[in-house]
Structures are given as structure tokens and as C-alpha cells.
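Order of the sequence lines fixes the chain letters, A, B, ..., with proteins taken first and strands second; residue numbering starts at 1 for each chain. Just so it is clear, the model here is predicted, and its values are computed rather than measured.
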Amino acid sequence: MVRFLTRRVLVGVVTLIAISIIVFGLFFAVPSSPAKVMCGKNCDAASIAQVETRLGLREPIVTQYTKFMKGIFVGRTYADGTAFERRCDAPCLGYSFRNDEAVTTILSRTVPVTISIVIGAAILWLLIGVSLGMVSALRRGTLFDKLAIGISLTGASMQVFFFGLILLFLLVYTTGLLPFPSYTPFTENPAKWAQGLILPWVTLGFLNSAIYARLSRAQMLETLSEDFVRTARAKGLPLRRVYTKHALRAAITPIVTIAGLDIGASLGGTFITETIFGLRGLGKETVEAVGFLNLPIVVATVLLAAVFIVVANLIVDVLYAVIDPRVRLS
Amino acid sequence: MRKTDSTPELPATTTDGMGGTVALEVNSPVDAPVGEKAKAFVGRSPGQLAWLRLKRDRTAKVSAITLLVLVVIALLSPVIEKLRGIAPTQPFTDKLNDYAMPLGYAGGMNGTHWLGLEPGNGRDILMQLVYGMRTSLLIAFAAAIVASAIGVLIGIVAGYARGWLDTAINWVIDLTLAFPFLIFALAIIPIVEDNFYGERDAIPASFRVILIIATFALFSWTYTARLVRGQVIALREREFVEAARAAGANTGHILFRQLLPNIWAPILVTLSLNVPAFITTEAALAFVNIGVIEPTPDLGRMIFNSIQYVASDPWYTLWPGLTIFILVLAFNLLGDSLRDALDPKSTR
Amino acid sequence: MRIKGGALVVGALAVALTATGCNATTNEGGSGDSGEAKTQSGSISYEAADNTGPAKAVDGATKGGVITVMQVSDFEHLDPARNYVNVQQLTGNLIYRSLAGYVEDGSGKMLLVGDLATNPGTDVNKDCKVWEFKLRDGLKYEDGSAVSSKDVAWGIARSFAPELNEGPHYIQQWLYPGGGYNATYKGPYEGGAMPAGIDTPDDKTIKFTFAEPHCDMPYAAALPTSAPVPQAKDTKGQYDLKPFSSGPYKVKSYTRDNALELERNPNWDANTDPIRTAYPDGYKFTFGLEQQQIAERLVADAPADQASLTWGDTPPAVLPRTTAANVANRVAKGPTQYVWYLGVNNLRIKDKKIREALYYGLDRDAALKAIGGTSAGTPASTLMSPTTAGFEAFDVYNAPPTGDVNKVKEILGGTTPPPLVLAHSNTALRTAQAEAIRASLVKAGFQVTLKAIESTSYYDQVGRKNNPYDLYLHGWGSDWPTGSTIIPPLYDGREIADEGNNNLAYFNDDSINTEIDKIRAMPAAEQDAAWTALDKKLMTDFLPEIPAYYDATHELYGSKVGNAYLSDAFGALQLNKIFVKQ
């Protein structure tokens with residue numbers, strides 16, 4: 001187990017390094033200079049040079065990269081030769097001069113928003129989706145099953161922006177049943193936190209539970225036709241026990257995998273949901289930063305998103321072994 | 001012994017409606033009965049069986065016909081333009097009021113403009129729709145095919161190769177999965193366009209379309225690759241492969257003539273479920289301004305523009321919304337039926 | 001069963017469909033007239049009554065509450081030296097005070113009076129060359145310290161610094177005529193020298209000495225670069241995020257791209273201020289919502305949004321619903337001082353005939369409908385806006401609003417015009433508008449290619465002298481309501497630089513340049529008519545670019561916002577006398 005974990009973590013780190021190199025290279029190739037965007041109108045060559053020095057853009061890309069990586073561990077100081085100086089403490093993921101804030105400060109503001117959206121939605125889609133799928137598998141062919149398939153196919157064929165906007169019009173703009181979504185930290189006021197996020201939860205939750213219902217139904221059906229279930233039933237085990245103890249356990253394994261990866265990927269930013277509901281999470285922050293060529297934020301958020309996915313992958317692998325005894329980690 | 005693989009052979013679904021598909025097992029290789037006259041009641045290949053099952057499936061039939069009709073309409077859009085004498089980009093601003101809303105009833109629907117006019121630009125919705133559908137379907141089909149082709153190729157190589165090559169490919173898959181698609185698309189599309197075209201060059205619409213297809217393919221081959229890899233690992237120790245190897249067949253022959261015919265079923269299912277996923281993702285690209293550019297009609301961009309009018313001119317929202325919904329639903333249904341037909345175990 | 005699931009969604013749409021489907025949309029129903037164009041009777045007042053605080057109270061106004069301003073994107077700059085955008089100046093006005101300012105009530109009759117100064121500037125020798133301002137008594141910063149004329153001088157000095165170059169530079173250019181405004185003097189940061197021509201004999205007096213007569217000085221003194229910045233509080237590039245308050249409000253918190261909160265500056269004394277009433281206890285500016293979301297929320301007028309307003313134009317998709325009785329009374333609409341031009345790059349399109357053909361080919365009606373129809377503006381036929389002092393409506397070419405294809409063919413006379421590249425900002429509305437313009441020009445026989453440019457760098461791109469584009473839509477609004485801030489910045493060819501141009505037509509003609517100098521030397525009273533005559537001459541003889549439409553604004557506010565009116569000086573909702581209804 002320890003050897004397995006060490007290997008996976010190492011591979012994850014290598015993946016992250018590779019991603020950071022790709023992002024650095026990608027934005028190095030962007031035709032317009034971030035210094036120019038930042039410097040604005042009437043910017044003469046000297047001012048651009050100054051901003052470029054401040055951003056560290058005048059150095060070769062390899063130096064920029066090593067400085068960035070070093071900053072993560074020991075922090076760094078930005079200076080341009082004038083009295084201007086900004087200190088960015090470890091773990092320094094860069095400094096945004098547009099905001100005059102360390103990137104970590106910006107992340108500490110946006111990440112909780114995205115996490116709140118994803119956690120709430122994930123609970124919804126797992127609870128509703130998986131149970132709907134399981135029940136309709138057990139009641140195959142009944143009206144319930146058909147209805148569940150119908151709803152889940154509808155959901156799977158819809159887009160977040162379409163469904164989300166319809167909900168906004170129905171529940172917020174027209175009837176005023178709900179306030180426009182907003183983010184209040186959970187620690188400040190849990191009720192307001194939930195009230196402000198209910199629409200994104202329902203939107204993401206509904207669309208994804210549809211997908212999960214289909215998935216778990218198919219998985220359960222497949223499991224039910226497996227030999228070991230037949231054996232268990234033939235042995236005379238009570239049906240309920242067969243279903244909950246044996247079939248469910250086998251059917252849930254791949255769902256855990258997908259859920260883990262999905263949650264990991266969503267944590268990296270749910271841009272469309274955040275935009276539709278005007279919530280400033282990781283996704284919206286990143287896309288806007290791309291527009292402003294605010295590279296420190298882009299690099300940091302892409303890396304963070306990758307960390308979420310890599311970690312989710314790792315957790316899934318471990319969980320896999322716990323749930324499914326056939327898989328032995330070596 | 002078969003090595004238990006710790007990497008799950010399953011797709012990451014997306015919140016935008018990419019249907020999660022279950023890894024399929026094709027139980028027996030296609031043993032084509034050579035020189036044997038098929039008897040009336042046995043001897044049907046799994047492929048034939050699947051086709052029979054598919055033909056009996058009413059849902060499959062309905063959705064296939066729906067899709068066929070839509071595809072034909074999309075392909076015939078220039079003919080429709082000729083017949084109706086209305087170009088998709090032709091503005092009818094004189095038929096809009098001072099707020100640029102279409103005059104008349106129900107979003108300007110009448111004998112000339114069957115589905116009404118777009119508010120603002122006053123373009124004929126029907127013509128925008130059929131041409132837009134053509135663009136969207138082209139992108140979705142092309143991306144799905146390219147992604148599958150790459151995925152199959154890499155998957156077969158990885159599955160058959162073992163050792164360091166397999167490890168390396170697996171790592172590249174992990175890397176691709178961990179890289180945010182949207183950010184990559186946002187960054188790469190302007191860079192590539194600037195490199196290929198000068199400041200005054202008209203960037204042909206086809207170029208942006210190709211870029212979108214390439215970006216989709218670049219990020220979507222991973223699932224097929226994993227799937228194929230798993231299948232190949234399962235099959236490569238089978239007798240028929242060993243027989244081929246013993247007979248002196250080279251690797252290429254074994255890979256593409258022996259293994260590939262045995263795993264086409266799950267690939268086909270993936271492909272059919274990828275198409276609707278790409279249709280919706282393409283619509284999402286319009287959200288971040290990197291979709292198909294004006295004046296090329298595009299269903300995704302039309303959806304994005306029209307959804308804002310849901311309260312002011314719901315008819316404008318209805319038509320593209322309904323079209324994309326029917327398209328995606330039909331593809332999903334067909335994909336499901338296909339899976340059921342190919343894998344009798346999970347039939348309802 | 002599948003239909004049923006589908007019906008859920010379609011059902012939601014059906015509610016909306018039946019609501020609108022039964023009524024025909026007619027021309028009368030949605031006539032969004034943009035209001036009467038009010039020619040600004042802007043005048044400079046030296047009357048003691050106008051120049052003495054406190055500001056005239058608003059009937060029924062009450063103190064307290066917080067006004068929320070919902071904006072799509074954050075301000076670029078709040079630093080007074082870098083503040084050159086109307087909504088930024090409206091916001092800046094709450095935090096810092098310039099030497100002069102406008103007293104307005106939304107009627108079109110605005111008065112330029114002294115703000116920090118006791119009057120809008122004394123023309124010492126009656127030749128417009130030496131201007132003196134005396135500061136009022138009792139002016140204090142947010143920390144209680146007194147405002148000194150030396151701080152005003154420092155504020156102007158720092159506006160020369162290359163890193164703070166985004167603001168207006170009229171006074172700066174007048175102090176250093178000939179060449180770039182900061183070619184000689186580059187601000188106080190290196191060496192600490194103050195600009196020549198500014199004297200501060202005592203803490204209450206500041207005197208400007210120009211080489212040439214500048215009778216517009218009172219207007220220029222109303223721009224934010226004359227706001228006081230104490231040297232000790234100057235944080236240079238970071239001043240943007242927390243300007244030191246000399247006005248009724250100070251920065252409470254500012255999170256870039258998220259929110260800016262202002263709270264009362266307890267040291268501000270209403271008796272020193274003839275311009276601001278400062279009724280609300282604070283302001284909150286929120287950034288990051290889409291304009292669509294903002295407009296929908298303001299139309300819905302939920303309790304939480306009732307004390308909110310926006311400076312963004314109502315998007316076309318929401319416009320039709322602003323005519324409902326309970327919404328129509330919460331709309332501020334009307335013409336602004338901006339004019340939108342179809343800029344023609346004269347370095348590329350040198351033939352006036354082609355520009356004339358473009359004038360007739362442009363479908364102004366379609367270009368306007370793409371962004372909301374008449375509530376977004378009205379077709380233009382002059383270079384100066386109807387709000388300019390001395391404006392006279394004229395139409396040299398008499399083109400119909402939808403364009404005249406036959407006239408284009410007649411002018412071109414069978415010759416093929418060169419292929420044109422139309423650059424546009426890549427926002428949804430500007431893209432739709434560019435496509436409308438493209439379609440109309442193609443119909444007229446031109447060959448036009450669209451080129452989308454990232455909205456954040458649009459003006460940088462088209463402001464490069466050697467830009468590769470032929471056509472681009474751009475807007476310009478006067479800095480004060482006379483032609484002197486329209487014609488010279490846009491058509492004085494001597495001001496063309498390599499980058500950052502305002503003269504986007506890249507038009508340069510000696511006779512026009514000489515005429516500009518001649519008008520500038522005229523007495524203020526005669527200038528207005530002279531600028532109008534020059535406008536006519538430019539349109540008739542040169543047609544440097546195509547006036548497309550006179551801008552109008554259409555802004556929404558909540559039901560608890562009191563005394564909301566469009567500022568004549570800034571063309572957006574004025575905050576100085578706004579209040580929260582209790």
C-alpha cells in the first residue's frame with residue numbers, strides 16, 4: 001500500500017510539473033503582451049519595459065519558470081529597480097499586480113465558492129441519481145423505471161446554461177421565490193450560504209443526477225446478471241441481503257470512480273454555472289484572467305485544477321481497493 | 001495471468017451532459033464462419049444479432065429516423081436556401097420594431113418567415129437554424145470520429161505494447177485528463193489563428209471549425225483509448241491471437257486485423273454518445289467567445305444568443321432550444337439502444 | 001414517457017410563449033424614443049449663490065441607506081491622474097474633489113462652479129493666460145488634515161508621470177505646449193521638481209500660467225487631475241486602489257473585480273460643498289455580473305435590489321420589458337454627449353469618394369437595431385453631438401437611415417472598391433453590430449471582412465497608427481460641452497502619434513489644423529459657432545469618417561432610488577444628489 005501510494009504520488013507530481021510547463025509555454029506564445037494589456041492606453045516603450053521587468057517577463061522563460069517553482073517553496077519578492085517592491089510569502093503561486101494581491105489570497109476567496117457549489121451539487125446528484133438508478137434497475141420495466149429513464153435522458157440531453165437560465169427566470173426574475181444567487185461563507189451564516197447556492201446546486205445536481213441515474217441503472221442491471229448474484233440467490237439468501245450486500249457493493253464501485261473524477265474535475269472550476277449565477281468561483285476567475293492575460297492567476301488556477309484531478313484520481317484508486325477486494329494494490 | 005489494472009477503465013463524465021458509458025465487455029470474438037453455409041436458425045454473428053435487436057427496438061427506430069431527417073435537412077440547407085430565396089445572413093431589419101423586436105405575432109412567424117426572425121439582426125430563424133445545424137453536426141461528427149480514431153490507435157498500441165510504452169501512454173492520458181479543456185481552448189485558438197493568418201486576412205470559417213474539431217479531439221480521445229486498451233489487454237492472450245502469432249503474422253496484422261474487429265462495438269457506442277456531448281460542448285464554447293464566428297451560422301451560438309430572450313421573445317429561444325434538445329436526445333437514445341443491442345446483458 | 005420529461009422544460013418555455021404569443025408586436029408598441037436631445041446650456045457661474053455650500057437640497061430626500069451600483073466589470077482606474085472614463089469620474093467625484101465641478105439637476109441646465117475652489121477660476125489678466133484658484137475654508141481629508149493648494153499642485157505634477165498616463169491631459173499640454181505633454185517634464189517622482197507654470201504662493205492659492213490663451217480653463221479644472229493628492233499619501237501605481245479622500249466618502253474596502261465599498265468621510269463638511277448632498281450612508285459597487293443579469297434583477301425589483309442601479313445600457317433582450325408601467329418609471333434614458341463613428345482609416349482609404357460611398361452604404365438603422373434600436377441612439381449626420389454648445393443640426397449628404405444602395409453605385413460609377421477589413425470588439429453586442437454593418441455594406445457592393453479583437457485591447461489595437469484595418473466603430477464624447485474637446489482630439493493631424501491615438505481616422509489636413517488654431521484663439525463666446533462651422537466644413541469637403549449614430553443611454557434603477565437622473569456632463573446616472581427612499 002505504501003509503495004503504491006508513493007508511486008502514485010510521484011507520478012502525480014510529475015504530471016503537475018508537466019502541466020505547469022505546458023501552461024507556461026502556452027501563454028508565452030500568446031501574441032499580445034500581458035504588460036501591454038496591463039499598462040493600458042498611451043503606454044510608451046519605457047513604461048512597458050518597466051511593467052515587464054516587474055512581471056519578470058524580460059527574463060528567459062526557463063528562468064521565469066524556475067523562479068515560479070522556487071516561489072512555491074520559499075516565497076519570492078517582486079521588484080523592478082524602483083522603490084516598488086512586493087513580497088509574496090511561500091507558498092507563492094505568483095503575484096497579481098492588477099489586483100495588488102498574492103494569487104493565494106485570490107484563490108482563498110474563489111476556491112470556497114467553487115467547493116461550496118460542487119459539494120452541494122455532488123451530494124444532490126449522488127443521492128438522487130444513484131438511488132433513482134438503483135431502484136429503477138430493481139424495478140425494471142415498471143412505470144417508475146420508465147419515468148426515471150425518461151427524466152434522466154432529458155436531463156442528460158440538456159445544457160447547464162439552458163436549464164440554469166430557465167430556472168432563474170422562473171424562480172428569481174418572474175416569481176421572486178428565491179433571491180438571486182450569492183455567496184455567503186458557510187461559517188458566517190449557514191442558512192444564507194445554502195439559500196444563495198440552492199439554484200446552482202439544483203441545476204448542476206439535476207443534470208448530473210440524470211447522468212448518474214442512467215449510469216447506476218446500467219451498472220446495477222449488469223451486476224444483477226452476474227453469476228455471483230445468481231449464486232447468492234440460488235443459495236437462498238434473502239433478496240434484500242443479496243441486493244444490498246452483494247449487488248450494490250459491486251455495482252457502486254465504478255460509480256465511485258466516475259464520481260471521484262467528476263468532482264475532481266468540477267472543483268477545477270464550474271465556469272458556466274458560476275457565470276450564469278453570477279458567482280465568482282475558480283472557473284470565472286480563471287476565464288476572466290485569461291481575458292486580461294493575468295498570467296499568475298491563470299497558471300495558478302490551472303495547476304490547482306490539475307491538483308484536484310490528480311488527487312481525486314488517487315483517492316479513487318485507493319477507494320477502489322477498499323470497496324472491491326478483487327483489486328489489490330501492488 | 002492477467003494483470004489487474006488499477007486504473008479504472010471508465011470515462012469522466014462532464015457536467016454538460018456527456019453521457020457516462022459503462023465499459024462493455026464483448027464476450028466472444030467474431031468468429032466469422034468461413035465457407036460454412038449459415039443455417040437458418042444458428043450461425044448468426046453477434047453483429048447480425050445486434051442488428052436484428054436494433055431493428056426490433058422501436059426507440060432506436062424513431063430516434064434514427066429523427067436523426068436522419070435532421071441530418072438530411074442540414075445537408076440540404078443550400079437547397080432550402082434556393083427554394084425559399086432567403087439567405088441565412090440576410091437581414092430583415094425593416095421587419096423589426098424600434099426595440100429591434102420582430103413585428104407581428106409569435107416572434108414574427110408568417111408565410112415568409114416560417115419560424116420568425118431573430119431580434120436585433122432580423123435574420124430568418126429557419127435559415128439560421130438549418131445552416132447552424134449543419135455547422136454543429138459537422139463539428140460534432142468530425143470531432144467524434146477523429147477522437148475515436150486517435151483513441152483506437154493509441155489504445156491498441158498501449159494495450160498490446162505493455163511495458164514502458166503502456167506506462168507512458170497511460171501517463172499521457174492522465175495528463176490530458178488533468179488539463180482544463182476550457183482554458184486550453186481559450187489560449188490556443190487565438191494563438192493558432194494569429195500564426196496562420198495575417199492581420200488583414202479573412203480567417204475562413206472553416207479554419208475556426210477545424211480548430212474547434214481539433215481541440216475537441218485532442219481532449220476526448222482518452223476515454224476511447226482507455227476502453228480499447230482494456231479490451232486489448234483482455235483479448236491479447238486469447239487463443240485466436242496466439243494462433244495468429246504462431247502462424248507468423250506480424251504485429252500490425254494482429255493488431256488491426258485480429259484485435260480491432262473484436263472491439264468495434266464499444267467503440268461505436270462511445271462514438272455515438274460522443275456526438276451529442278460535442279454538440280452541447282460546442283454550444284458552451286459560444287459562452288466564452290471562442291465558438292464559431294459570425295457570420296457563419298452556428299446552432300451553438302444561436303442557442304447562447306437566444307436564451308437571453310427567453311422572457312422577451314420566447315419563440316426565438318424555442319426553436320434552437322428545441323432543435324438542440326431533439327438532436328441530443330435522439331443521439332443519446334440511439335447510443336443507448338446501440339449499447340443494448342450490442343450487449344444483450346444490459347437490455348431492459 | 002420521454003416526452004413527459006421533455007415537457008417539463010418545454011412547459012416552462014410555454015408559459016412565456018403564451019404570454020407573448022397572443023399579442024402582435026407593433027411599431028407603436030415598442031417605440032423606444034430616446035428622449036429629446038437637450039442641447040446643453042452649460043455655463044460657467046461666478047454667482048456667489050451657486051458657488052457656496054451646502055448644495056441645494058432635494059425635495060423629499062432623506063439621509064441614510066446604501067446605494068448599490070451593479071457593474072459588469074471593475075473600473076480600470078480610480079486614481080485621479082488616471083481617471084478618464086465617465087463612470088469612473090462619477091465614482092471619483094464621491095471620493096475626491098477637483099478645483100471646479102458641475103452643479104446639475106438633470107434638466108440640461110448645468111452650471112460649472114468652484115468645487116475645492118471658491119469659484120471656477122479667476123482669469124487674472126483677462127487674457128485667459130493666467131488662472132488663479134482660491135481654496136475654500138474648512139476643506140479636510142479623511143484623516144482630518146487640511147487640504148492644501150500644494151496637494152493640488154502635487155496631484156497635477158504626478159499626472160505627468162509616465163506610469164500614470166491614462167488621464168486627461170489638457171492642463172498638462174497647456175503648461176508644456178508643443179510636443180507630447182510629458183516630453184519635457186516627467187512628473188515629480190524622479191528629483192521632486194514641480195511643473196513649470198504652477199505657483200502655490202500660500203496653502204490656499206494655486207496659480208496657472210500658460211503661454212497661450214486657454215479660455216476653457218474652468219472646464220479643464222473640473223477634470224479629476226486637479227484633485228488634491230498629499231505627497232505623503234501618494235502610493236503611485238497603487239493609489240488606484242485607495243485614493244485618499246477629500247470628498248464626502250472614503251474607501252472602506254476594495255476587492256478588485258469584486259466590490260468597492262465607500263463609507264462616509266466624517267471630516268467632509270457639507271457647508272464647503274455646493275455640488276454634493278451626500279444623502280446615502282455609503283455606496284457599494286459590485287462587479288462581475290453580466291449586464292443581462294443586472295437588467296433582469298432591476299426589472300424584477302426584488303427587495304434586496306430596490307436601492308440598486310446600473311450604469312450599463314439595458315441589453316436589447318430586456319428592453320421590450322422596460323415599458324411595463326412599474327418598470328418604465330425606473331428608467332433613465334436620453335442622449336449622451338457621445339457620438340459613434342464608423343472610423344475610416346484615411347491612411348488606407350485615401351479617396352473621399354469611397355468614404356462617401358460608405359456613408360451611403362451604411363445601414364444606420366440596422367447598426368442601431370443590433371444593439372437595441374432607438375433606445376441605443378439615433379442616426380447621426382454631424383461629427384459633433386447634439387449636446388454640444390452651439391450645435392446646429394445639418395445633413396450634408398441626406399442619406400436615408402437604412403442606406404442608399406443606388407447612390408453607392410452611382411458614386412462608385414462601376415469601379416470596384418478595395419476590399420475592406422472591419423475590426424470590432426469581440427463582445428456579443430459589438431459582434432452583432434459589426435455583422436449588421438458588414439451585411440449592409442456587402443449589400444451596397446463592398447467586400448468586407450470582419451476581424452474580432454479582444455475587447456480589453458480594442459482601442460489599443462485600432463489606436464496604433466499603422467493598424468492594418470480599414471474600418472472600425474468607435475465612440476467619442478466631449479470632455480466638456482464645447483467643440484474644443486471634439487474636433488481637435490479627433491481631427492487635428494498634428495496629434496497623431498505611433499500609439500494610443502484618438503484621431504482614429506488618421507486624418508491630417510493643414511487647412512483644418514490652421515483653422516483649429518484660429519478657433520482656439522477666439523474669445524469663448526465666438527468659439528461655439530466656429531466649431532460648428534468647422535464640423536460642417538469637415539463633413540462637406542473631407543468626410544474624414546462616417547458619423548454613425550448619436551449615442552443614447554438607457555439605464556435601470558430600483559424603486560427605492562430617489563432623485564435618479566442622467567448627468568449632462570457624464571451621460572450616466574449622477575450620484576451626487578441621489579438618495580435612498582426610506
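Residue C/P315: no heavy atom, backbone or side chain, is found under 4.5 Å from chain B. At a 4.5 Å heavy-atom cutoff, the contact between B/P295 and chain C is made by backbone and side-chain atoms alike. At a 4.5 Å heavy-atom cutoff, the contact between C/L319 and chain B is made by backbone and side-chain atoms alike. In this structure, chain B has no heavy atom under 4.5 Å from any part of C/T314. The parts of C/N426 that come within reach of chain B are both its backbone and its side chain, each placing non-hydrogen atoms under 4.5 angstrom from that chain. Neither the backbone nor the side chain of B/R301 comes within contact range of chain C; no heavy atom of the residue lies under 4.5 Å from a heavy atom of that chain. Of the atoms belonging to C/V442, not a single heavy atom falls under 4.5 Å from chain B.
C/D363 and C/K443 are not joined by a salt bridge, as no carboxylate oxygen comes within less than 4.0 angstrom of a charged side-chain nitrogen.
Within the model, atoms OG1 of C/T378 and CG of C/D551 stand 9.0 Å from one another, a figure rounded to the nearest 0.5 Å.
When all heavy atoms of C/L429 and C/I371 are compared, the pair lying nearest together is O-CG2, 3.8 Å. Here the closest non-hydrogen pair linking C/A370 and C/P316 is O-CG, 4.3 Å. Between C/V462 and C/N467, the closest heavy-atom pair is O-ND2, 3.1 Å.
For chain B, the option among C/G372, C/A436, C/A439, C/A434 with the highest count of heavy-atom pairs below 4.5 Å is C/G372.
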Take B/E118 and B/Y309, measure what side chain to side chain donor-acceptor pair (under 3.5 Å) needs, and give me the verdict at the end.
CA-CA 10 Å; B/E118 283 184 354; B/Y309 281 89; over 6 Å; no

